Amino acid sequence: MRRIIATIMVVLGVLLAGLPPQAAQAASHNIDIPTGGGIPLAVRTTSTYVAWAEEIQPNRFSRYVNIHVALLANGQQILELGQLNVSNYDAQYGATFALGDGVLVWRDGTSGQSPNPLKAIDLQNGEAWVLAENSGLYPNIAGGNVSWWDISPLGDAPATARLMVRPLRGAATPTELLHLGLEHSDDLRDSRMSNSWVAWVQADAQPGGQYGCPTLYAVRTDGSDQQLINDVVCHDDQRVPFDLYGERLAYVDRYNLLVERNPPTGEVRRSGPHANIDLAIASRYMFWNSAAIAGIQGYDPATNSTFPVSTASAASPAVGEDTLAWFEQARTGGYIVRVQPINTVLPSSPRSATAAAAAGRSFFPETWHSLGGEFRNFWRHNGGLAVFGFPLTEEFMQQNASNGADYTVQYLERQRFEFHPENTGTPYVVLLGRLGAEALAAQGRDWQTMPKASPNTPHYFATTGQAIAPEFWEYWRTHGLELGDRGVSEREALALWGYPLTPPSYETLPTGETLLVQWFERARFEYHPNNPAPYRVLLGRLAADNVASFGWQ
């Protein structure tokens, strides 16, 4: 241990001396850190550090585990705990180390050593201390406290598991929060702790060694309100992907649906099937890697959006504050630890021109986004920049408010493109979002109750009882989707704009201007009388307003 402390102090001194203060506080860019060439086990991260464990097998007769810690300001490793007892870390059910508050907690001990104490080390000054003398499994750091499970005896005989908690720093006597009886010592599979809740997975072991499906439990840290959650996924390996953040519990149910549960209220929200393997939850977002799709996926419950983070073979996502980390297979073989700020992986995050070119997509430096495939074809053939504007996001999956189905979508300045594979081979494989109708609904304006036009009014549509204003008629009728009709037919204009929903009226826009406007199913027309003739009718940036409302900062 003295060698480890001396090493960390020297390396930290060299690294921090040449960095501005903010560089030592948080990662400001993406970091790729080569691993030691072993088998990746688990990764943990904060906005300042990343730690990971990997199994090393130098020969057929020897195995051990190394834990590494790196500083995110520059990716340099500052600590290595080498040749740890593999039996403390090779369980497939959960990590036996934790990272938080500038401290690493781990189960120490080499092969054959007894006891194996649970230890902590301050990553800034190298100070180390013992948290528990033996058998500290599944540690978690939350709110200045550290929790772990003491399980004894180890083996196939019935065992007792005690959930212990104590202040992370300073001398303290641990407090027992929970006491469980286990049929076998390995029936307890994994655990998470927040400031107010503890969650854990417990196997449904029966006498004679038979196992049923595991169960997820949650309990307040004061021991009250214990909840049994028995609809979790039941794979052959007995693992349950789950994570806990504050009062948000995320897990995968028996139908492979991603579930977000609020333990205090019991409220449950489910998304579509994702075949999750690992799961990590942040203050707003959830991340996982899937058995069906290579890479890391993200989910934003606030917008019902699913988005790709990485397309390479990846595993073990972990989140810490505003940072995401995972193992990713390197192009040259082996694995790297990849770390990115969460705000760089969202659909609206700026992209690279090089990456777009490599994927055969058209890149727009004006917004740092690209178009490809059917969306690019649709944009080019149906009005391009003048009608739709620049792309503001990359492609991602979003739940459709009208039918509850998930579609691949992309937001541009004035429209949302939706990919409908059921319409493949027809002109309707790409459809437009009803952004006008959605915006009115979001404002609490019911267009069906608005005053109607007289049926004798020019350009009247009985479907909605509205007529298109003379100022907007020429623009509406001369622009439409390309459906193969001669000129621009009414059905082509309707496919692009939809029916008029409101009478023309003067409104004060977000820009502060008061203009004549009219709302359509898919657009807001604005009349700018002082503009040159071709530009007197402009379209509202409804999709841009949507993206801004998502809060993807």
Side-chain angles (χ1 to χ4, degrees), residues 303-308 347-351 353 355-403 405-439 475-499 519-525 537-547 550:
T303 60
N304 285 317
S305 301
T306 303
F307 51 92
S348 60
S349 303
R351 295 311 201 256
R361 300 173 63 84
S362 297
F363 183 77
F364 296 85
E366 293 84 357
T367 57
W368 292 85
H369 286 288
S370 63
L371 284 169
E374 293 287 355
F375 287 166
R376 178 173 58 184
N377 293 338
F378 187 90
W379 186 87
R380 286 175 172 174
H381 295 138
N382 292 286
L385 183 62
V387 171
F388 303 117
F390 292 112
L392 298 181
T393 73
E394 297 300 301
E395 296 174 13
F396 62 99
M397 298 286 290
Q398 189 171 44
Q399 188 179 88
N400 188 286
S402 61
N403 62 12
D406 289 331
Y407 294 106
T408 298
V409 302
Q410 187 165 9
Y411 281 78
L412 294 88
E413 291 179 274
R414 299 182 182 91
Q415 252 301 341
R416 178 183 67 230
F417 288 1
E418 300 175 357
F419 180 71
H420 287 254
E422 71 275 14
N423 296 334
T424 298
T426 76
Y428 306 104
V429 67
V430 176
L431 298 180
L432 300 177
R434 297 181 72 247
L435 297 189
E438 292 173 13
Y475 191 92
W476 186 91
R477 77 167 189 85
T478 57
H479 294 76
L481 298 188
E482 183 52 66
L483 302 180
D485 297 348
R486 184 176 179 180
V488 178
S489 67
E490 183 173 294
R491 73 161 185 149
E492 290 175 326
L494 282 170
L496 179 58
W497 309 120
Y499 291 103
W519 292 79
F520 295 78
E521 289 182 89
R522 300 183 180 89
R524 181 184 70 219
F525 283 20
V537 175
L538 298 180
L539 304 175
R541 299 176 75 249
L542 298 183
D545 294 341
N546 271 14
V547 174
F550 294 162

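What you are looking at is a predicted structure, and each value in this text was computed from that prediction instead of being measured.
Rounding to the nearest 0.5 angstrom, the gap separating the CD atom in E374 from the CD atom in E395 is 10.0 Å. Separation of atoms CD (E394) and CH2 (W368) is listed at 12.5 Å; rounding is to 0.5 Å. If you take NE2 on H381 and CG on L481, they are separated by 12.5 Å, rounding to the nearest 0.5 Å. The CD atom of Q410 sits 12.5 Å away from atom CZ of F378, with the distance rounded to the nearest 0.5 Å. A distance of 10.5 Å separates CZ of R522 from CD of E438, quoted to the nearest 0.5 Å.
The two residues W519 and G436 come nearest to each other via the heavy atoms CE3-O, 3.8 Å. The two atoms that bring A523 and F525 nearest to each other are CB-CE1, 4.0 Å, heavy atoms only. Of all heavy-atom pairs spanning E418 and G433, the tightest one is OE2-CA, 3.7 Å. When all heavy atoms are compared, the tightest approach of D545 to R524 is OD2-NH1, 4.5 Å. Taking every heavy atom of both residues into account, G498 and W476 meet most closely at O-NE1, 3.4 Å. Summarising the geometry of R416 relative to Q398, their closest heavy-atom pair is CD-OE1, 4.0 Å, with the distance given to 0.1 Å.
Of the residues Y407, W379, F388, F396, the one that meets the ring pair (Phe, Tyr, Trp, His ring centres under 6.0 Å) test with F417 is F388. Checked options V409, T303, N304; the residue passing with Q399 is N304 (criterion: side chain to side chain contact (heavy atoms under 4.5 Å, CB included)). For the pairing with L496, the side chain to side chain contact (heavy atoms under 4.5 Å, CB included) check across N382, L483, V387 returns one residue only, V387.
Remark: the backbone N or O of S489 is paired with a side-chain donor or acceptor of E492 at under 3.5 angstrom. The backbone N or O of L432 lies less than 3.5 Å from no partner atom in the side chain of R434, so there is not a single donor-acceptor pair. No donor-acceptor pair closer than 3.5 Å links the side chain of T367 to the backbone N or O of L392. T408 places no side-chain N or O within 3.5 Å of a backbone atom of F419 that could act as its donor or acceptor partner. The backbone N or O of S370 lies less than 3.5 Å from a partner atom in the side chain of R361, making a donor-acceptor pair. With hydrogens and angles ignored, the 3.5 Å screen pairs no side-chain donor or acceptor of E413 with any backbone N or O of R541.
For F390 and H369, the gap between ring centers reaches or exceeds 6.0 Å.
Taking R414 as the reference, L539 meet the side-chain contact (heavy atoms from CB on, under 4.5 Å) condition, with sequence neighbours excluded.
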**Request:** Given side chain to side chain contact (heavy atoms under 4.5 Å, CB included), test T393 with V547 step by step and report yes or no.
**Result:** CA-CA 8 Å; T393 73; V547 174; 4.1 Å; yes

**Asked** Would H479 and W497 satisfy side chain to side chain contact (heavy atoms under 4.5 Å, CB included), going step by step from the backbone distance to the final call?
**Response** CA-CA 9 Å; H479 294 76; W497 309 120; 3.6 Å; yes

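Counting only heavy atoms from C-beta outward, the side chains of D406 and T306 never approach each other to under 4.5 Å.
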